[in-house]
Amino acid sequence: MSGHTVVESLGAFRGMVSSSFVPLEITRERERRGAPFSASMASIDTDGIAFTEIAARPHVVHRTTASIADGGSGFYKVSLMLSGCGHLVQDGREIVIQAGDLAIYDTSRPYTLEFDDAFKTLIVMFPKDRLDLPPALTDQLIAAPLADEHPGLLPIVSSYLSQFPSQLAPLPEGVRAKLAHTSLDLLGTLFADVLDASPGQRDPHQLLLQRICGYIDEHLGSPELSPGSIAAAHYISKRHLHVLFRTADTTVSSWIRDRRLERSRADLRDPALADRTVAAIAMKWGFGDAAHFSRVFKATYGVSPREFRVA
């Protein structure tokens with residue numbers, strides 16, 4: 001938790017934002033010269049998911065190739081506009097973000113955010129692999145009008161997120177982490193629903209990949225889950241299955257392993273499951289060999305499952 005900070009200069013704000021998120025370039029192109037600048041920021045970070053509320057005077061944010069080279073790739077940022085209006089440009093797409101709107105963008109590629117007037121926004125930043133959707137699918141939503149595709153679900157997700165970070169601060173870390181994971185689950189549900197809403201405009205291979213990823217999530221706990229069983233369930237060849245995942249820059253086995261690890265990791269953090277053994281959690285998510293699970297977990301997260309649970 002980094003608390004609440006107020007600054008009254010663009011330089012101080014630039015340093016505060018870059019240290020809290022990723023390296024960024026910030027200018028005041030959109031406001032007349034000599035006008036006073038002020039901004040405030042409140043943030044909380046739990047289990048690698050950062051929630052940051054920013055209120056500021058007009059400015060422009062650039063994520064350039066130079067700032068990308070300085071670090072911070074591999075994250076998605078989701079902005080919930082609380083008041084005011086913003087303009088997001090990434091991957092050749094442009095979107096106006098108004099109060100109540102959500103927008104997603106990627107720190108691995110250049111983007112621009114413009115704010116012509118005073119505004120308040122909540123930004124959720126998290127590693128790209130924490131979503132249940134492959135980047136190849138999520139990237140279709142970059143700078144996309146999410147409200148146009150699912151006006152019913154968006155207010156539910158926005159209402160939940162708008163309570164952060166202030167409501168998380170007084171809670172125990174384990175509870176905060178669980179609520180943070182729920183926020184990513186809600187975002188994943190919204191993104192999947194938006195993708196489902198316009199199937200006629202999408203590549204049928206991408207639609208099939210999305211269905212397969214949903215199938216994998218539903219059967220993660222089954223030791224029978226394999227490329228063969230997945231291919232059979234979708235009436236395609238294993239070769240076709242492997243090609244689909246190759247286009248998403250991953251493999252079937254890697255995707256299954258990563259989803260199982262993420263589910264296991266969440267259970268190890270859950271205070272309600274403190275009496276469940278590491279081996280039982282591993283088995284629940286399809287790891288038949290506890291020793292193998294421990295090795296893979298440590299190779300991925302840098303600590304053993306037991307060390308992670310204690311920490």
Side-chain angles (χ1 to χ4, degrees), residues 73-76 91-93 104 106 108-109 126-144 146 149-150 153 181 184-267 281-301:
S73 293
F75 294 90
Y76 284 128
D91 293 348
R93 305 176 199 153
I104 182 170
D106 185 347
S108 305
R109 302 191 296 277
F126 51 91
K128 294 168 73 171
D129 61 6
R130 301 293 287 275
L131 273 183
D132 290 345
L133 290 170
L137 295 179
T138 308
D139 284 355
Q140 297 177 43
L141 303 177
I142 297 297
L146 303 182
E149 297 292 355
H150 210 306
L153 182 56
H181 294 157
L184 293 194
D185 288 343
L186 285 172
L187 287 170
T189 299
L190 173 64
F191 296 157
D193 241 33
V194 172
L195 289 169
D196 284 340
S198 55
Q201 304 173 25
R202 295 177 55 214
D203 183 337
H205 293 91
Q206 296 291 340
L207 291 169
L208 178 57
L209 178 62
Q210 184 179 344
R211 288 198 299 271
I212 289 171
C213 287
Y215 177 89
I216 289 173
D217 274 356
E218 292 172 6
H219 296 83
L220 277 178
S222 171
E224 306 302 321
L225 185 66
S226 68
S229 67
I230 296 167
H234 292 84
Y235 305 102
I236 60 175
S237 67
K238 286 198 291 184
R239 181 180 179 279
H240 188 184
L241 179 69
H242 289 304
V243 169
L244 282 173
F245 276 83
R246 196 177 304 128
T247 61
D249 296 324
T250 186
T251 67
V252 187
S253 298
S254 295
W255 184 255
I256 294 172
R257 180 200 62 213
D258 291 347
R259 301 324 308 156
R260 283 174 166 169
L261 283 171
E262 192 59 38
R263 291 288 194 270
S264 301
R265 184 175 180 272
D267 279 3
I281 289 175
M283 185 169 293
K284 172 186 174 184
W285 293 113
F287 290 100
D289 185 330
H292 170 70
F293 168 69
S294 293
R295 287 194 299 272
V296 174
F297 190 97
K298 186 168 185 176
T300 303
Y301 300 115

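Note: L195 CG to L141 CG = 4.5 Å, rounded to the nearest 0.5 Å. Taking OG of S253 as the reference point, atom NE2 of H242 lies at 6.5 Å (rounded to 0.5 Å). Distance CG/L146 to CG/L190: 5.5 Å, rounded to 0.5 Å. Rounding to the nearest 0.5 angstrom, the gap separating the CZ atom in R130 from the NE2 atom in H181 is 4.5 Å. Atom OG of S229 and atom CD1 of I216 lie 9.0 Å apart (nearest 0.5 Å). With rounding to the nearest 0.5 angstrom, the CZ atom of R239 is 12.0 Å from the CG atom of L241.
Side-chain contact between V194 and Q140: absent, with no pair of heavy atoms (C-beta onward) separated by less than 4.5 Å. For the pair I236 and L208, the minimum side-chain heavy-atom distance is below 4.5 Å. Side-chain contact check for L131 versus F126: some heavy-atom pair is nearer than 4.5 Å. Within the 4.5 Å cutoff, no side-chain heavy atoms of L261 are placed close to those of R265. Looking at heavy atoms from C-beta onward, D91 lies out of side-chain contact with D106 at the 4.5 angstrom threshold. Side chains of L244 and H205 form a contact here, defined as non-hydrogen atoms less than 4.5 Å apart. Using a 4.5 Å heavy-atom cutoff, the side chains of K238 and I230 are not in contact. You'll find the side chain of R257 reaches within 4.5 Å of the side chain of V296, heavy atoms only.
Judged by distance alone, the side chain of S264 and the main-chain N or O of R260 form a donor-acceptor pair under 3.5 Å. Judged purely by atom type and a 3.5 angstrom limit, H219 uses its side chain to pair as donor or acceptor with the backbone of Y215. At distances below 3.5 Å, not a single donor-acceptor pair connects side-chain atoms of Q210 with backbone N or O atoms of L137.
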| field | Trace of the side-chain contact (heavy atoms from CB on, under 4.5 Å) decision for R109 with S73 | value | CA-CA 8 Å; R109 302 191 296 277; S73 293; over 6 Å; no

| message | Set out, in order, the CA-CA distance, both residues' side-chain angles and the distance that settles side-chain contact (heavy atoms from CB on, under 4.5 Å) for R263 and D258, then state yes or no. | response | CA-CA 9 Å; R263 291 288 194 270; D258 291 347; over 6 Å; no

| request: Assess whether side-chain contact (heavy atoms from CB on, under 4.5 Å) is satisfied between W285 and D267, documenting all intermediate values. | output: CA-CA 10 Å; W285 293 113; D267 279 3; 2.8 Å; yes

| request: Assess whether side-chain contact (heavy atoms from CB on, under 4.5 Å) is satisfied between T251 and R246, documenting all intermediate values. | output: CA-CA 6 Å; T251 67; R246 196 177 304 128; over 6 Å; no

| query | Would E262 and R259 count as a salt bridge (Lys or Arg N to Asp or Glu O under 4.0 Å) if you check the C-alpha gap in whole Å, the side-chain angles of each, and the deciding distance to 0.1 Å? | reply | CA-CA 5 Å; E262 192 59 38; R259 301 324 308 156; 5.7 Å; no

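Side chain to side chain, Y76 and D139 meet the donor-acceptor criterion of an N or O pair below 3.5 Å.
Taking the six-membered ring where tryptophan is involved, the planes of F287 and F293 are tilted, since the angle between them lies from 30° to 60°. Taking the six-membered ring for Trp and thresholds of 30 and 60 degrees, W255 and F245 have ring planes inclined between 30 and 60 degrees apart.
Between L133 and A192, the shortest heavy-atom distance links the atoms CD1-N, 4.0 Å. Taking every heavy atom of both residues into account, K128 and S108 meet most closely at NZ-OG, 3.9 Å.
Using a cut-off of 4.0 Å between Lys/Arg side-chain N and Asp/Glu carboxylate O, D289 and R295 are scored as not salt-bridged.
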